[in-house]
Trainee: 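Quick one: this structure, given as structure tokens, is what I'll be asking you about.
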Amino acid sequence: MPKALISYYSRSGNTKKMAGYIKEGISSVEKMEATVKKISETTLEDMLNSDVIIIGSPTYFGVMTAEVKELMDKSVKFFGKLNGKIGGAFTSSGAIGGGNETTILSILQGLLIHGMIIQGVQKGNHYGPVSIGAPDDSVMKECINYGKLLGQLAVKTFK
Ligand SMILES: Cc1cc2nc3c(=O)[nH]c(=O)nc-3n(C[C@H](O)[C@H](O)[C@H](O)COP(=O)(O)O)c2cc1C
């Protein structure tokens, strides 16, 4: 049974809500198991034991927060061992054009360097879910669909 880890940092709760919706989407895929953890509670072993790693961060100055980058930097310990896993990213920002896409891409860059498989989104937020402030219904749907998409890919890849 493929396992997904959704690890997030959130100060005012917006990114946390998105993490919950993504979990809902993944869990709706048969044979998928999903866990949500705060970045501060995520261990390197959690990453190693997951087939799918999805990282969520608020947009801070157009990139991921320091806490998220810290986990990314620590993950060098397992460089080579995350190769071939599925990765994804999502963010909440204060403004449209406030650097949300660059935040997602900054996370995806790290995951790609680990050799992870990244699924783009054809219909929707192309790089991964984005919320401007608190997630509304359309962001909720975006997150659920993203979870489904990655869950379905995981079932195909790790069957
Ligand atoms: C230190 C700091 C830097 C921020 N930088 C940006 C930014 O560059 N662009 C933007 O649109 N919003 C920025 N914001 C706003 C947050 O991205 C936004 O409030 C987000 O929804 C917070 O997510 P959270 O509720 O998960 O903590 C910043 C907020 C803080 C505290």
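Indexing begins at 1, ligand by ligand and atom by atom, following the structure's order. The analysis underlying the following values was restricted to heavy atoms, covering all of them including side chains, and did not include hydrogens, waters or symmetry mates. Along the sequence shown, residues carry numbers from 1.
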Trainee: Are there protein heavy-atom neighbours of atom 19 (O) of ligand 1 below 4.0 Å?
Mentor: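 No, because not a single protein heavy atom sits under 4.0 Å from atom 19 (O) of ligand 1.
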
Trainee: Measure the distance from atom 12 (N) of ligand 1 to every protein heavy atom, then report the residue, atom name and distance (to 0.1 Å) of the closest one.
Mentor: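 Its nearest protein heavy-atom neighbour is Gly94 N, 3.0 Å.
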
Trainee: Provide the closest heavy-atom pair for Cys143 versus Pro129 in the form atom of the first, atom of the second, distance.
Mentor: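 Heavy-atom minimum between the residues: SG-CB, 3.8 Å.
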
Trainee: Return the orientation label for the Tyr60 and Tyr9 ring planes: parallel under 30°, perpendicular over 60°, tilted otherwise.
Mentor: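 Taking Tyr9 first and then Tyr60, their aromatic rings stand perpendicular (interplane angle over 60°).
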
Trainee: With a cut-off of 4.0 Å, which atoms of ligand 1 are near a heavy atom of Ser10?
Mentor: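 Matching atoms, with element in brackets: 24 (P), 25 (O), 26 (O), 27 (O).
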
Trainee: Using distance alone, determine whether Gly133 and ligand 1 share an N or O pair under 3.5 Å.
Mentor: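 By distance alone, the answer is no.
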
Trainee: For atom 21 (O) of ligand 1, which candidate among Gly98, Ser92, Ala95 provides the closest heavy atom?
Mentor: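 Answer by nearest heavy atom: Ser92.
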
Trainee: Among all protein heavy atoms, pick out the one at the shortest distance from atom 25 (O) of ligand 1; state its residue, atom name and that distance to 0.1 Å.
Mentor: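 Here the nearest protein heavy atom works out to Ser12 OG, 2.6 Å.
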
Trainee: Could you tell me if the side chain of Ile107 sits less than 4.5 Å from the side chain of Phe90, heavy atoms only?
Mentor: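 They are not in contact (no side-chain heavy atoms under 4.5 Å apart), so the answer is no.
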
Trainee: How far is atom 17 (O) of ligand 1 from its nearest protein heavy atom, and which residue and atom name does that atom have?
Mentor: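 Nearest neighbour among protein heavy atoms for atom 17 (O) of ligand 1, to 0.1 Å: Thr59 O, 2.7 Å.
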
Trainee: Looking only at heavy atoms, what is the nearest atom pair of Thr102 and Gly62, with distance?
Mentor: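 Of all heavy-atom pairs spanning Thr102 and Gly62, the closest is OG1-O, 2.8 Å.
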
Trainee: What I'd like to find out is whether the side chain of Ile54 reaches to under 4.5 Å of the side chain of Tyr146, using heavy atoms alone.
Mentor: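 Side chain of Ile54 against side chain of Tyr146, heavy atoms only: contact under 4.5 Å found.
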
Trainee: Could you report the tightest heavy-atom contact between Tyr8 and Val36, atom names first, then the distance?
Mentor: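 Heavy atoms of Tyr8 and Val36 come nearest at CE2-CG1, 3.5 Å.
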
Trainee: Which protein heavy atom lies closest to atom 27 (O) of ligand 1, and at what distance to 0.1 Å?
Mentor: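 Nearest neighbour among protein heavy atoms for atom 27 (O) of ligand 1, to 0.1 Å: Arg11 N, 2.7 Å.
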
Trainee: Hey, which atoms in ligand 1 end up nearer than 4.0 Å to a heavy atom of Gly62?
Mentor: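 Close to Gly62: 8 (O).
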
Trainee: How far is atom 5 (N) of ligand 1 from its nearest protein heavy atom, and which residue and atom is that?
Mentor: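 Heavy-atom neighbour on the protein nearest atom 5 (N) of ligand 1: Phe61 N, 3.0 Å.
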
Trainee: Taking the minimum heavy-atom distance to atom 3 (C) of ligand 1, which of Tyr9, Tyr60, Tyr8 ranks first?
Mentor: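 Among Tyr9, Tyr60, Tyr8, the closest heavy atom to atom 3 (C) of ligand 1 belongs to Tyr60.
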
Trainee: For atom 23 (O) of ligand 1, what is the nearest protein heavy atom, given as residue, atom name and distance?
Mentor: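 Closest protein heavy atom to atom 23 (O) of ligand 1: Pro58 CB, 3.5 Å.
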
Trainee: Touching ligand 1 at all, Gly99? Heavy atoms, strictly under 4.0 Å?
Mentor: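 Under 4.0 Å: no for Gly99.
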
Trainee: Between Val68, Thr91, Leu108, which is the residue that forms a side chain to side chain contact (heavy atoms under 4.5 Å, CB included) with Ile55?
Mentor: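 Looking at Val68, Thr91, Leu108, the match for Ile55 under the side chain to side chain contact (heavy atoms under 4.5 Å, CB included) is Val68.
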
Trainee: Asn14 versus ligand 1: do any nitrogen or oxygen atoms come within less than 3.5 Å of each other?
Mentor: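 Between Asn14 and ligand 1, an N or O pair is found under 3.5 Å apart.
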
Trainee: Got a salt bridge between Lys69 and Asp73, using NZ or NE/NH1/NH2 to carboxylate O under 4.0 Å?
Mentor: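 Asp73 and Lys69: salt-bridged.
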
Trainee: If we only count heavy atoms from C-beta on, is the Ser93 to Thr103 side-chain gap below 4.5 Å?
Mentor: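 Result no, sub-4.5 Å side-chain heavy-atom pair not found.
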
